[in-house]
Colleague: 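I have a structure I would like to understand better, so I am pasting it below and will then ask my questions one at a time.
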Amino acid sequence: MRVRVRGWRWRHNPLRRRSDVVEAWTVLLVAVLVCVVAPLIGAVAGLNAHSQAQSRAVAQRAERHQVHAKVVGPVSDHSPLVHRDRGHTYSAEVRWTDPHGTTRTALARVPAGTRTEDTVPVWFDRRGHSVAPPANDISVWQHTVAVGLCAAGVTVAAALLARTVERRLALRRRLAEWDRDWARTGPKWTRPRA
């Protein structure tokens with residue numbers, strides 16, 4: 001029958017080694033890091049990422065504008081671009097009328113399946129270059145959660161890696177202590193008896 005004694009590494013007894021105490025403190029420290037510090041780091045990193053992504057989205061909304069343009073040229077099916085929100089997009093020549101009444105033509109990104117003469121929404125920056133739509137609230141929150149989870153995951157991984165390294169070093173030190181003790185005790189026990 002095997003009896004497990006809880007907290008034996010914390011109690012004072014003659015069989016407790018220094019490495020046992022170090023290992024017990026390390027387990028406690030890793031538990032605090034995994035249960036308390038990692039979620040806090042994830043939350044702080046996520047909130048920081050949210051504020052940065054939100055300000056980036058506001059800046060994109062300010063500098064980009066959407067127009068409804070008619071596709072006038074053939075849709076190029078070579079090398080599609082892939083966007084998170086819209087899937088595959090292709091390049092095509094589009095024509096639209098700006099607020100001043102000027103007709104403009106440009107090469108823009110259009111959704112897959114668009115044909116000539118279709119009217120599609122396209123986004124342009126202030127210089128008139130075709131750009132992706134600005135980030136919406138869902139994209140901002142996805143970025144926030146991803147950064148928070150990655151930061152917490154890296155913290156947990158670092159804590160567990162440090163625990164593994166400490167455990168291996170403690171085992172090596174423990175084995176060296178046992179070898180030294182056996183070198184002192186072994187000859188007394190293995191001495192030939194006459």
Side-chain angles (χ1 to χ4, degrees), residues 29-168:
L29 180 65
V30 167
V32 168
L33 283 173
V34 168
C35 296
V36 177
V37 176
L40 286 175
I41 287 176
V44 168
L47 290 173
N48 186 25
H50 182 267
S51 66
Q52 289 178 355
Q54 191 68 31
S55 62
R56 197 174 324 121
V58 167
Q60 286 177 351
R61 286 185 203 116
E63 75 175 18
R64 298 175 183 186
H65 62 282
Q66 181 183 23
V67 298
H68 292 282
K70 183 178 266 191
V71 178
V72 294
V75 177
S76 166
D77 58 355
H78 302 317
S79 64
L81 299 169
V82 179
H83 294 282
R84 286 176 289 179
D85 302 332
R86 301 185 319 177
H88 292 293
T89 60
Y90 297 90
S91 295
E93 190 173 348
V94 297
R95 182 176 292 138
W96 75 99
T97 304
D98 67 9
H100 305 296
T102 308
T103 301
R104 296 183 176 262
T105 304
L107 199 61
R109 299 174 185 170
V110 297
T114 303
R115 295 180 307 254
T116 304
E117 298 299 318
D118 285 353
T119 300
V120 294
V122 292
W123 288 86
F124 292 99
D125 62 7
R126 291 182 179 164
R127 295 174 299 204
H129 295 109
S130 176
V131 294
N136 58 16
D137 289 338
I138 293 172
S139 297
V140 169
W141 278 106
Q142 286 174 341
H143 178 72
T144 300
V145 170
V147 168
L149 287 176
C150 286
V154 165
T155 304
V156 168
L160 294 177
L161 179 66
R163 165 72 175 126
T164 302
V165 168
E166 182 276 331
R167 187 159 188 180
R168 287 185 185 223

Colleague: So, taking the atom named NZ in Lys70 and the one named OG1 in Thr116, what distance separates them when rounded to the nearest 0.5 Å?
Modeller: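 Those atoms lie 11.0 Å apart.
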
Colleague: Kindly compute the distance separating CG (Leu29) from CD (Glu166), expressed to the nearest 0.5 Å.
Modeller: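 Output value for this atom pair is 10.0 Å.
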
Colleague: Report the distance from atom CD1 of Ile41 to atom CG of Leu33, rounding to the nearest 0.5 Å.
Modeller: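 That separation rounds to 8.0 Å.
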
Colleague: What heavy-atom pair brings Val30 and Ala159 nearest, and what distance separates the two atoms?
Modeller: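 Here Val30 and Ala159 meet closest at CG2-O, 3.8 Å.
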
Colleague: For the residue pair Val71 and Ala92, what are the closest heavy atoms and their distance?
Modeller: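 The answer is CG1-CB, 4.1 Å.
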
Colleague: State, to 0.1 Å, how close Ser130 and Leu107 come at their nearest heavy-atom pair, and which atoms those are.
Modeller: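 Of all heavy-atom pairs spanning Ser130 and Leu107, the closest is CB-O, 3.5 Å.
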
Colleague: Specify the closest pair of heavy atoms between Ala132 and Arg64, including all atoms of both residues, with the distance to one decimal.
Modeller: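 Between these two residues, the closest heavy atoms are O-NH1, 2.7 Å.
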
Colleague: What's the spacing between Trp123 CH2 and Glu63 CD if we round to 0.5 Å?
Modeller: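 That separation rounds to 11.5 Å.
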
Colleague: Enter the distance from Glu117:CD to Arg115:CZ here, rounded to the nearest 0.5 Å.
Modeller: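 One gets 11.0 Å once the value is rounded to the nearest 0.5 Å.
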
Colleague: Would one find more than 12 heavy atoms of other residues, nucleotides or ligands at under 6.0 Å from atom CZ of Arg95?
Modeller: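 Result for CZ/Arg95: open.
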
Colleague: Hey, can you pull the donor-acceptor pairs under 3.5 Å for the side chains in residues 47-60, sequence neighbours left out?
Modeller:
{"residue": "Ser51", "atom": "OG", "partner": "Asn48", "partner atom": "O", "Å": "2.9"}
{"residue": "Ser55", "atom": "OG", "partner": "Ser51", "partner atom": "O", "Å": "3.2"}
{"residue": "Ser55", "atom": "OG", "partner": "Gln52", "partner atom": "O", "Å": "2.9"}
{"residue": "Gln60", "atom": "OE1", "partner": "Ala135", "partner atom": "N", "Å": "3.0"}

Colleague: Identify the two heavy atoms, one from Val147 and one from Ala45, that lie closest to each other, and give their separation to 0.1 Å.
Modeller: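 For Val147 and Ala45, the tightest heavy-atom pair comes out as CG1-O, 3.7 Å.
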
Colleague: Which class fits the ring pair Trp96 and Phe124: parallel under 30°, tilted 30 to 60°, perpendicular over 60°?
Modeller: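 Answer is parallel, since the angle falls under 30°.
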
Colleague: Looking at every heavy atom in both Ala108 and Val94, which two are closest together, and how far apart are they?
Modeller: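 Heavy atoms only, the tightest pair is CB-CG2, 3.6 Å.
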
Colleague: For the atom pair CD (Gln142) and CG (Asn136), what is the distance rounded to the nearest 0.5 Å?
Modeller: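 Here the interatomic distance stands at 8.0 Å.
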
